[in-house]
Every structure is written in structure tokens, then in C-alpha cells.
Amino acid sequence: MIKREQYIKKIRPFINTDVVKVLTGIRRCGKSVMLELIQRELLEQGVSESQILCLNFEDLANVDLCDAMKLNRWVMEKAKDISGRVYLFLDEVQEVKEWERAVNSLRVALDADIYVTGSNAKLLSGELATYLAGRYVQFTIYPFSYREFLLSQNTGDSPQMFQRYILRGGMPFLLNLAYQPDVSKQYLKDIYSSVMLKDIIQRNRLRDADLLERILLYILGGIGNIVSASSITKYLKSENRKASNDTVLSYLNACTSAYLFCKIPRWDLQGKRLLSVNEKYYAADVGIREAVYGNNMRDINQVLENIVCLELLSRNYKVMIGKAGEYEVDFVAEKDGKRIYIQVTYLLAGEETIRREFGVYNHVRDNHPKYVLSMDELDFSREGIRHENIRHFLLREDW
């Protein structure tokens, strides 16, 4: 088990505070392990194991507690035998009916430090906001970054390891499968099917599974491309399927709520405003894309963009697509008052490609750091624009 310090350091300031810590992210991305890491942190701080209560609601042994009142009674009964603060960990809490009521009641009734995980962004909407307004903080957990991928295998960076990452992605359990191609592919397909069934179809009561699958494949095939509801409806029409723009949008929202995709908005750099249409979507894990859709090596430019996008998000950057007139910057990333611009390409194969990738920045008139990332080993930096090998960039901590 690797210590995912980039997440622990975000959570650490909220330990022993009266806010509910909510960890969300796609299924099997490592949320349960994060709960274990937090428990280790508590034990190192002197908390007794007897003070820690843990429940995983995907475990059939806990099915009788998937009700707010029953959960509340169980915790209150256990808390009677605990001396001092109760540390409560509820894994995949969305399986509990009206869990928000139970969590809020326990927060009020007990001296408790509460942590919950879930696989759907709707955890933080509706009743949760009502019951816990101002009393929760959210952390989104992503699959392994490239650095974590290498740490998990106790190995160093190399082109071969990066290619494995491109094809397998960062789902933590793959380490137990030794990243064997066939079994890894089957495991990732099973995650995809589970997310589609449990977190998208069942949770949103979607009726047309075939329509959903067609939309999913369209997005997986076009990661990093501008997407609109109308472009999808046109595609569906060509496939002899009819769907309204509203239906497509509701299906897309269900997919992003389940963390299967990350939706990245576009930012008008000249008008300094967010654009309300034509976002881009990136897969939550490039290994899932390879397992379900394939062609990661053929679509290498798109997949490299996807990897950089996930790296930025995992480092807590606000990520946007930059629009400067007719030109587009792959990523505009902001955090703690600073901004960086990033262009991603596979190789700077010739002068025309170099002019295109670097030339975009001619239309960005400010002094924020500007990067061009590629797989090239040579340094093509010019005119204040920094070129870096993408692997080296992903492993650097000083940006």
C-alpha cells in the first residue's frame, strides 16, 4: 500500500474538525485505501483502534444497516463502549437510504470525526447540502498518477513503463494482477460495466441502456474533442437512433456524476469568461478506455492529453480549455492564484508541428508560464516557452 501523500496532505488539516470529510471518485480508484491511510494517520497520532468504527456498505454483511435509522442506532450503540472521540468511516455510503440524515444526526449527537466515501457526485447535491450545509468538505480521488504508478511497483521511469501506463492506466488493483494484459483488460471492463449499471443506469433510473452505451463509446472515442449535445444527436441519427438534446445532456451528466468522465469547460482568454457550450470530456482512466474502446496507441495525442488533464486535476488545479480567437490552448490550469498554460502533442516531428504548437501562444498576451509537452527527449524550448518531455513533467513536483 503506497501512501498517497498528495491526498493525505489535503485531508490532514481537517482531521479532528467538526466537518464531514467526503471522498468521491470512480469505483475502484482507491477510496477505501484512502480510508485505511487516514486510519493509519490517526493511529500514529495516538488514537486507539477501539475508537475507530468502519462500515463498507458494499459488504453484504452490512446490508441490514443500509437504512438511516438502523445505521444511526448501530453507531450510537457501539459508541457507548468507546471512551473519547469516535472516528467513523462509512465506505460507499450512497448504498444507505437517506444516509445524509444519519450522518448529520451522528455529527450532532456524538463527539465524532466522520469520513464517508461514495462513487457519485450527487452525494453533494440535494439533501446533503440541506443537512450538512457548511459542515462538509469534498475530496475527489483519482486513479494512480504516473508517479504513484511507478511507486506502486517500486520501479523507475522509463519509456517502457510509461507505455504500460498508457495501456493499463492507474487503477490500483491492477498491481495485484501484475498488469498482465488479458486479466487487466477483463478487470477494467468489469469496472466499466459496474459503473455503467450501478452508478449510471440504476442510480439515475435510465431506461435506454443501448443509447447510453452508444453515447459512452462516442465520448471514449473522441476524448479531448469538443463535444456538444447536437453533435452527439447527429451521430446517433447516423446510427439510426433518435434522441433529443435534453436526453443526451441528462445521460452525459449521469456519466460525469459517476466520475466516468471529467468535463472540462472552455475559457475565452480574450473575453475572460467561461463558454457555456462545447466542452471537452476526458476519461477517468486511460486504461478503461483501452480496455473498452482500444486504440490508445493509435490515438496517442488524445491519450497524452487525457493523462495530463488527470494529473492537473489530481494536483487540485482548476482546469479549462483556452480559446484565443480561432486558436485553442489545450489546458489553462489555475491554483492558489497562479496560472499555467499547457500544449500537449506526441512528437514535435518537424518545423511545421513546432510552429503550430508554439505558435498558439502568440495569441496569449500575458506572462504566465507556458509549456509544450511531448515525448521528445531533446529540448525545443524557444522564446520564453518551455518545452518538456511529458514523462519528466508528470514526475516533477515544482509546478
Side-chain angles (χ1 to χ4, degrees), residues 2 6 142-170 174-175 179 181 184 223-225 282-283 285-287 289-290 294-315 317 319 321-322 327-333 335 338-364 367-399:
I2 69 166
Q6 66 175 331
Y142 295 91
F144 282 163
S145 66
Y146 182 49
R147 172 183 289 276
E148 291 175 321
F149 174 81
L150 295 176
L151 286 173
S152 70
Q153 299 170 81
N154 195 29
T155 188
D157 169 46
S158 69
Q160 294 75 23
M161 292 304 296
F162 191 55
Q163 182 168 340
R164 176 184 284 189
Y165 185 66
I166 288 169
L167 293 174
R168 306 284 183 269
L174 291 185
L175 181 63
Y179 293 95
S184 296
I223 55 170
N225 294 333
Y282 292 93
D285 179 71
V286 294
R289 183 190 191 269
E290 174 67 20
N295 300 313
N296 275 12
M297 296 309 296
R298 185 198 68 183
D299 302 332
I300 189 65
N301 273 308
Q302 295 167 262
V303 172
L304 291 176
E305 265 188 51
N306 204 135
I307 289 171
V308 171
C309 179
L310 293 176
E311 183 72 28
L312 290 165
L313 291 171
S314 71
R315 295 197 190 197
Y317 278 88
V319 183
I321 311 301
Y327 298 89
E328 195 170 85
V329 179
D330 288 335
F331 299 115
V332 182
K335 182 174 72 170
K338 71 175 183 178
R339 173 187 292 183
I340 58 175
Y341 298 97
I342 297 176
Q343 283 287 100
V344 183
T345 189
Y346 174 43
L347 290 171
L348 296 171
E351 191 58 36
E352 182 180 344
T353 306
I354 293 173
R355 282 199 302 269
R356 182 184 70 239
E357 300 298 331
F358 283 81
V360 167
Y361 291 127
N362 293 335
H363 308 276
V364 182
N367 295 318
H368 297 293
K370 300 172 179 67
Y371 293 91
V372 173
L373 307 181
S374 75
M375 294 296 293
D376 297 280
E377 297 290 345
L378 297 176
D379 187 349
F380 289 94
S381 299
R382 57 176 64 185
E383 299 174 358
I385 300 167
R386 184 167 178 175
H387 169 252
E388 280 196 44
N389 177 279
I390 190 169
R391 302 191 338 265
H392 302 163
F393 183 81
L394 293 172
L395 294 175
R396 261 204 311 121
E397 295 186 11
D398 58 342
W399 54 266

Original post:
Taking all atoms of both residues into account, what is the closest heavy-atom pair of Asn389 and Met375, and its distance?
Top reply: ND2-O, 3.2 Å
Original post:
Considering all heavy atoms of both residues, which atom of Leu304 and which atom of Tyr346 are nearest to each other, and what is their separation?
Top reply: CD1-CA, 3.8 Å
Original post:
If you round to the nearest 0.5 Å, how far is CG of Leu394 from CG of Leu150?
Top reply: 10.0 Å
Original post:
Would a distance-only check, ignoring hydrogens and angles, find a side-chain to backbone donor-acceptor pair under 3.5 Å from Ser314 to Glu311?
Top reply: yes
Original post:
What is the distance from atom CG of Leu378 to atom CG of Leu348, rounded to the nearest 0.5 Å?
Top reply: 10.0 Å
Subject >> Donor on one side chain, acceptor on other, Asp157 and Tyr146, under 3.5 Å >> reply: yes
Original post:
Between Phe331 and Tyr371, is the ring centre distance below 6.0 Å?
Top reply: no
**OP:** Apply salt bridge (Lys or Arg N to Asp or Glu O under 4.0 Å) to Arg356 and Glu352, showing your working.
**Re:** CA-CA 6 Å; Arg356 182 184 70 239; Glu352 182 180 344; 5.4 Å; no
Subject >> Distance, nearest 0.5 Å, that separates CD of Gln6 from CD of Glu148 >> reply: 5.0 Å
Subject >> Donor-acceptor pair, side chain of Arg168 and main chain of Tyr179, under 3.5 angstrom >> reply: yes
Subject >> Ion pair check, Glu305 and Arg289, cut-off under 4.0 Å >> reply: no
Original post:
For the atom pair CD1 (Ile300) and OG1 (Thr345), what is the distance rounded to the nearest 0.5 Å?
Top reply: 10.5 Å
Original post:
Which atom pair, heavy atoms only, marks the closest approach of Lys335 to Arg315?
Top reply: NZ-O, 3.0 Å
Original post:
Does Val286 offer a backbone N or O that forms a donor-acceptor pair with the side chain of Asn306 under 3.5 Å?
Top reply: no
Subject >> Side-chain donor or acceptor of Gln163 paired with backbone N/O of Gln160 under 3.5 Å >> reply: no
Original post:
Considering all heavy atoms of both residues, which atom of Glu328 and which atom of Val360 are nearest to each other, and what is their separation?
Top reply: O-CG1, 3.6 Å
Subject >> Beyond-backbone contact of Leu347 with Thr353, side-chain heavy atoms, under 4.5 angstrom >> reply: no
Original post:
So, the side chain of Asp285 versus the backbone of Gly170: is there a donor-acceptor pair under 3.5 Å, distance only?
Top reply: yes
Original post:
Counting N and O atoms only, with roles assigned by atom type, does the side chain of Asn296 sit under 3.5 Å from a partner on the main chain of Leu167, one being a donor and the other an acceptor?
Top reply: no
Original post:
Should Phe144 and Ile2 count as side-chain neighbours, where that means a heavy-atom distance under 4.5 Å?
Top reply: yes
**OP:** Would you please classify the geometry between the His387 ring and the Phe358 ring as parallel, tilted or perpendicular, with 30° and 60° separating the classes?
**Re:** tilted
Subject >> Closest non-hydrogen atom pair, Tyr282 against Cys309 >> reply: CD1-SG, 3.7 Å
Original post:
Is any side-chain N of the basic residue among Arg391 and Glu377 closer than 4.0 Å to the acidic one's carboxylate O?
Top reply: yes
Original post:
Side chains of Phe393 and Ile342: closer than 4.5 Å at any heavy-atom pair?
Top reply: yes
Subject >> Shortest non-hydrogen contact from Ile223 toward Gln302 >> reply: O-NE2, 3.0 Å
**OP:** Give a yes or no answer on whether the side chain of Lys370 reaches the backbone of Tyr361 with a donor-acceptor pair at less than 3.5 Å.
**Re:** no
Subject >> CG-OG distance between Leu312 and Ser145, expressed to the nearest 0.5 angstrom >> reply: 12.0 Å
Original post:
Should the heavy atoms of other residues, nucleotides or ligands under 6.0 Å from CG of Asn367 be counted, would the total exceed 12?
Top reply: no
Original post:
For the atom pair CD (Glu388) and CH2 (Trp399), what is the distance rounded to the nearest 0.5 Å?
Top reply: 9.5 Å
